[in-house]
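Here the structure is laid out as structure tokens; the discussion comes afterwards.
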There are 2 protein chains.
Amino acid sequence: MTTEALNRLKTAEAEKITHLDYFNIGISVDCVIFGFEKKELKVLLIKSDLEEFADKWSLLGDLIDPFEDLDSAPYRVLKQRTGLDDVFLQQVGSFGEVKRHPSGRVITTAYYSLINIRNHQLKITDNEVHWHTVADVKDLAFDHKKIMDACLKRLRVQAMDEPVVFNLLPEKFSLRELQDLYQSILGIKLDRRNFRKKISLKSWLHDLDEMENNVPHRPGKLYKLKTGLKTTTL
Amino acid sequence: MTTEALNRLKTAEAEKITHLDYFNIGISVDCVIFGFEKKELKVLLIKSDLEEFADKWSLLGDLIDPFEDLDSAPYRVLKQRTGLDDVFLQQVGSFGEVKRHPSGRVITTAYYSLINIRNHQLKITDNEVHWHTVADVKDLAFDHKKIMDACLKRLRVQAMDEPVVFNLLPEKFSLRELQDLYQSILGIKLDRRNFRKKISLKSWLHDLDEMENNVPHRPGKLYKLKTGLKTTTL
DNA sequence: AGGATTTGTGTACAAATTACACGTTGTTTG
DNA sequence: CAAACAACGTGTAATTTGTACACAAATCCT
């Protein structure tokens, strides 16, 4: 340990930070689990279990197990909380400010996940866990708002050039639903005609009616993602 | 701890992994420090201090101090190793496979840094530390090759839409130097005329001759980054 | 001095982005 | 049930960006 660290320790003592065990650093993972429903991007949150954050919501997370790979931990958390196995999950970054956790030093690695809220496997057993509209989330426990924002930013970038958002939709969907989804993620309105053109340029989609000979002007036309494109992990 | 973790512990015992203290997880940072010289992208490496990797090179890193923010640690490492203070540094990701470190469980967070090799402040004191051509690096100690590749990938993406690469160049440079730099980062050849057009579209650069009335056809024309655009941290 | 190489600049074509209009289907409602 | 309204599906023109490619002046090499 450097003398600098010792100085910081003295500072901590002077500030009477005595309830912390700063020399035993905890490691956790936190999951930002996104869903999509009623034209709104949602995030799965749980009531904070700390007195300090009694009224606040927090991300789903856990300390990592000594014998589990870091990148495996979020899968475990997701399985425990949602019952889902085969999910899109991606590491976003690690957050390790000294005082980010009130009861001790914990460094956390954040992951973001995209799941289909209407998935039949999905089981939110714990009644302390709820879906929240992302746009309405103003404040969270710990630095979880910052973490959520980082994940949202990553999602926005990724949604533009990889077919990840389809993890949020059912197998079949209309272009309108897809556009609503993109709008809720990006937080902006998109031109309907240009959006359709741009999507078809990427050639990710399969027109479910295309086998039938030209059926023109059918509102609510359904599409699905071409097989092999669905990203569950990266 | 979950029963799953206990099972893994039993497995470890069965495999006679006795020299590890897997229940005390270490936390480190590793820095992928890029430089640019003689038209080649370089990376700063140090001889591994572990027997297991006696012949191999490794990234510059250190365990974090108990009283230091995670994102501050790489600045400390860089200051100690290069003498540089004001550097571009960005977190890339965390690597935490159980068996990534032979002498115990260590989770590391990787950062990439861009520095000017010809910076007068730069002092590589330690003679175990050397610059290596990135393209020639085949294997490193631990999982450091994987980490370096992740940082290189990030650099490639970032170089395309943010003016980060100028941290690798002196204040004044020719477009030829800039193109060589981009080519060494991306690993591909670029068309000279199209590269110039693309760069000028971004309007990052300031033509040092532009105040003088039209001086045509001057090879080796110098440019510099517009003030306020240099990114040292993100 | 002459030839090869490098530097600076510009043009023509293809592809993608943006702005914008029309006819049809489905829904609401008086 | 029909008229008014909203949403759906498709297309076209103008602009911007990307790509391929050619020539003249300056520098380098022998």
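Each chain gets a letter, A, B and so on, in the order its sequence line appears, and its residues count up from 1. No experiment lies behind these values; they were computed from the predicted model shown.
- Residues from residues 175-196 of chain A placing a heavy atom under 4.0 Å of any atom in DNA chain D, listed by number, are A/Arg176, A/Arg192, A/Arg193, A/Arg196.
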All N/O donor-acceptor pairs, side-chain side in residues 146-153 of chain B, below 3.5 Å, sequence neighbours left out:
| unit_1 | atom_1 | unit_2 | atom_2 | d |
| --- | --- | --- | --- | --- |
| B/Lys146 | NZ | B/Glu97 | OE2 | 3.0 |
| B/Asp149 | OD1 | B/Lys145 | NZ | 3.4 |
| B/Asp149 | OD2 | B/Lys145 | NZ | 3.0 |

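- Here D/dT12 is the nucleotide among D/dT12, C/dG8, D/dT17 with the atom lying nearest to any side-chain atom of A/Lys197.
- For the pair B/Leu201 CG and C/dT9 C1', the interatomic distance rounds to 15 Å; values are reported in whole Å.
- Within the 6.0 Å centre-distance limit, the rings of B/Tyr112 and B/Phe88 are counted as a close aromatic pair.
- A ring pair (Phe, Tyr, Trp, His ring centres under 6.0 Å) with B/His101 is found for exactly one of B/Phe53, B/Phe95, B/Phe142, namely B/Phe142.
- Both the sub-6.0 Å distance and the 45° axial angle are satisfied by B/Lys47 relative to the ring of B/Trp57.
- Between A/Tyr223 and A/Phe173, the distance from one ring center to the other does not fall under 6.0 angstrom.
- Look at CG on A/Asp207: it is 16 Å from P on D/dC8, rounded to the nearest Å.
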